[in-house]
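Have a look at the structure below, then the notes.
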Number of protein chains: 2
Amino acid sequence: MRISQLAAATEVPVATIKYYLREKLLHDGVLTSATQARYDDSHVRRLKLIRALIGTAGLSVSATREVLLGLENPPESGHDLLGIAHHAVSRTAPDDADLSSAQELLDRWGWGAETCDRDTQAALVKALHGLSEAGFEAPAALLDRYATAMQDIAEADVESVPTDSAEAAMRHVVLGTLLMEPVLLAMRRLAQQSASFRRFGGTETSRQSGTE
Amino acid sequence: MRISQLAAATEVPVATIKYYLREKLLHDGVLTSATQARYDDSHVRRLKLIRALIGTAGLSVSATREVLLGLENPPESGHDLLGIAHHAVSRTAPDDADLSSAQELLDRWGWGAETCDRDTQAALVKALHGLSEAGFEAPAALLDRYATAMQDIAEADVESVPTDSAEAAMRHVVLGTLLMEPVLLAMRRLAQQSASFRRFGGTETSRQSGTE
DNA sequence: CTAACTAGATACTGATACTCTCCAATATTG
DNA sequence: CAATATTGGAGAGTATCAGTATCTAGTTAG
């Protein structure tokens, strides 16, 4: 398979494929001469994965590279791979941040604070800080309800990891983590719309979009 | 309050404040002369809100402008305001997309498909499509579990909307929708880490971060 | 009066994710 | 076998976004 065919098969422009090759997101094809290389199904799959990570999950190119690297060189522990996936989505500032408020919440929810990485805790603190800066104080009861729901989902996530192959497990954890996030958010919005309609009703002008 | 004091009070650089003024995110101060304007608390609050929407919720400047506009000129129905908030976060392509798969899911979950806006449905379809393109098929049971959890959260969201003032309700809906998303995602990650640790254990090298 | 500050307009920057252009070296086709 | 098309590889160019910086007067505080 030549590069133009790879492009056709994935609907990714040739120039973009070359860019991904340069950026080491996509492994090189097998050179058959100085100006010709052969690509195969693995490239097709990889490209689709790249596009899903960048397009669907919204990762940056460099975060995508790290995730793919992690998938190829899996750490000894699945827990560490999860860390790689989480690290890829956490666009947190370098350091500091007072994690004590996070620790308290984690304790309250029974999630061992020591099993959770600092970046993710910092992300929570930052998100909550953003809320309060905007003058929105989330009641503890609401947060607890969120926590319960998230714990349920996380358990479903972890349970659904296949145990037969380590390879498959890795893939499942990473993709399930990253690619399910947009699904989750879309579902929340739909559920909100449904709940808000039941609660408040709507006008005739509701539900229209794209007129702007 | 002069612009430099506003900057000091919010930790937003003067140049950035001027940019927000140009972009109509922030309302003008009261001109006291050709080269002097007065700002007040409303500017401080607004700036913090802008920073939360852009920084915490990750909105673009133009999406932020639309949200703020919606908050200032509230539509007759709260449901429509929710639409504005949701529209702001849905970076969906213009048109098309086959929504029938979404309709089916919405029916299954008892969320009236007709009460849900098309952009959000399209976002769900796109997210699910990304999943399957990446070779990850989410089992229906898992999706259903997500749906149950999201419905619970959405109901909590809607219930927590204050009913006394329409003004406060608007604010609550929009901020609760937009600013809680990063909280939700951080909580899911933490819950996953906790669940994965319980399920698989971890190595000594786990939980380290920022070493890259 | 002088030094510091300001509004407003325009221009510039840095990051990101592509996209284009070239060239020599094939590969394909007639 | 000659004309045409395609490729690998490298470097430069582009578009967008979210700011920053500079400049010109005018204004104000000490």
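The structure presented is a predicted model; accordingly, all values stated were derived computationally and were not measured. Letters go in sequence order (proteins before strands), and every chain restarts at 1.
Within 4.0 Å (heavy atoms only), B/Ile54 reaches sugar-phosphate atoms of the nucleic acid but no base atom. Residue B/Arg65 is classed as having no contact, given no heavy-atom separation below 4.0 Å to the nucleic acid.
Of the residues A/Arg171, A/Arg65, A/Arg46, the one that meets the salt bridge (Lys or Arg N to Asp or Glu O under 4.0 Å) test with A/Glu72 is A/Arg46. Tested against A/His86, the residues B/Arg188, B/Arg189, B/Gln193 include a single side chain to side chain donor-acceptor pair (under 3.5 Å) partner, B/Gln193.
Here the side chain of A/Gln36 is nearest to one of D/dA21, C/dT19, D/dT7, namely D/dT7. The side chain of A/Thr32 lies closest to C/dA27 when the candidates are D/dG19, C/dA27, D/dT27. Of all nucleotides listed (C/dA7, D/dT20, D/dT28), D/dT20 comes nearest to the side chain of B/Ala15. In this structure, of C/dT10, D/dA18, D/dT27, it is C/dT10 that holds the atom nearest to the side chain of B/Arg22. Checked against C/dG8, D/dT27, C/dA17, the side chain of B/Leu31 finds its nearest nucleotide in C/dG8.
Surrounding CD of A/Glu23 are more than 12 heavy atoms belonging to other residues, nucleotides or ligands, all under 6.0 Å away.
At whole-Å resolution of the value, CD1 in A/Ile17 and P in D/dT7 are 10 Å apart. Distance, B/Leu26 CG to D/dA18 P: 16 Å, rounded to whole Å. For the pair A/Tyr19 OH and C/dT16 P, the computed distance is 9 Å after rounding to whole Å. The CD-P distance, from B/Glu23 to C/dA7, rounds to 17 Å in whole Å. Computed from coordinates, the B/His43 NE2 to C/dA7 P distance equals 10 Å when rounded to whole Å. The separation between B/Leu21 atom CG and D/dA18 atom P is 17 Å, rounded to whole Å. When rounded to the nearest whole Å, the span between CE of B/Met1 and P of C/dA7 equals 13 Å. One can place CD1 of B/Ile3 at 19 Å from P of C/dA4, the figure rounded to the nearest angstrom.
The aromatic rings of B/His172 and A/Phe136 are tilted relative to each other, their planes meeting at an angle between 30° and 60°. Aromatic ring orientation, B/His43 versus B/Tyr39: perpendicular (interplanar angle above 60°, classes split at 30° and 60°).
Residue A/Tyr20 places at least one side-chain N or O closer than 4.0 Å to OP1 or OP2 of C/dC18. The phosphate of D/dG8 (OP1 or OP2) has no side-chain N or O of A/Ser33 nearer than 4.0 angstrom. The side chain of B/Tyr39 places an N or O atom within less than 4.0 Å of a non-bridging phosphate oxygen (OP1 or OP2) of C/dA7. A sub-4.0 Å separation between OP1 or OP2 of C/dT16 and a side-chain N or O of A/Ser62 is absent.
Position along DNA chain D of the nearest nucleotide to B/Lys18 versus B/Ser60 favours B/Ser60 as the more 5'-ward residue.
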Could you go step by step and tell me if B/Tyr146 and A/Asp157 meet the side-chain hydrogen bond (donor to acceptor under 3.5 Å, both in side chains) rule?
-> CA-CA 10 Å; B/Tyr146 272 63; A/Asp157 285 334; 2.5 Å; yes
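Donor-acceptor pairing under 3.5 Å, judged by distance alone, is present between the side chain of B/Thr35 and the base of D/dG26.
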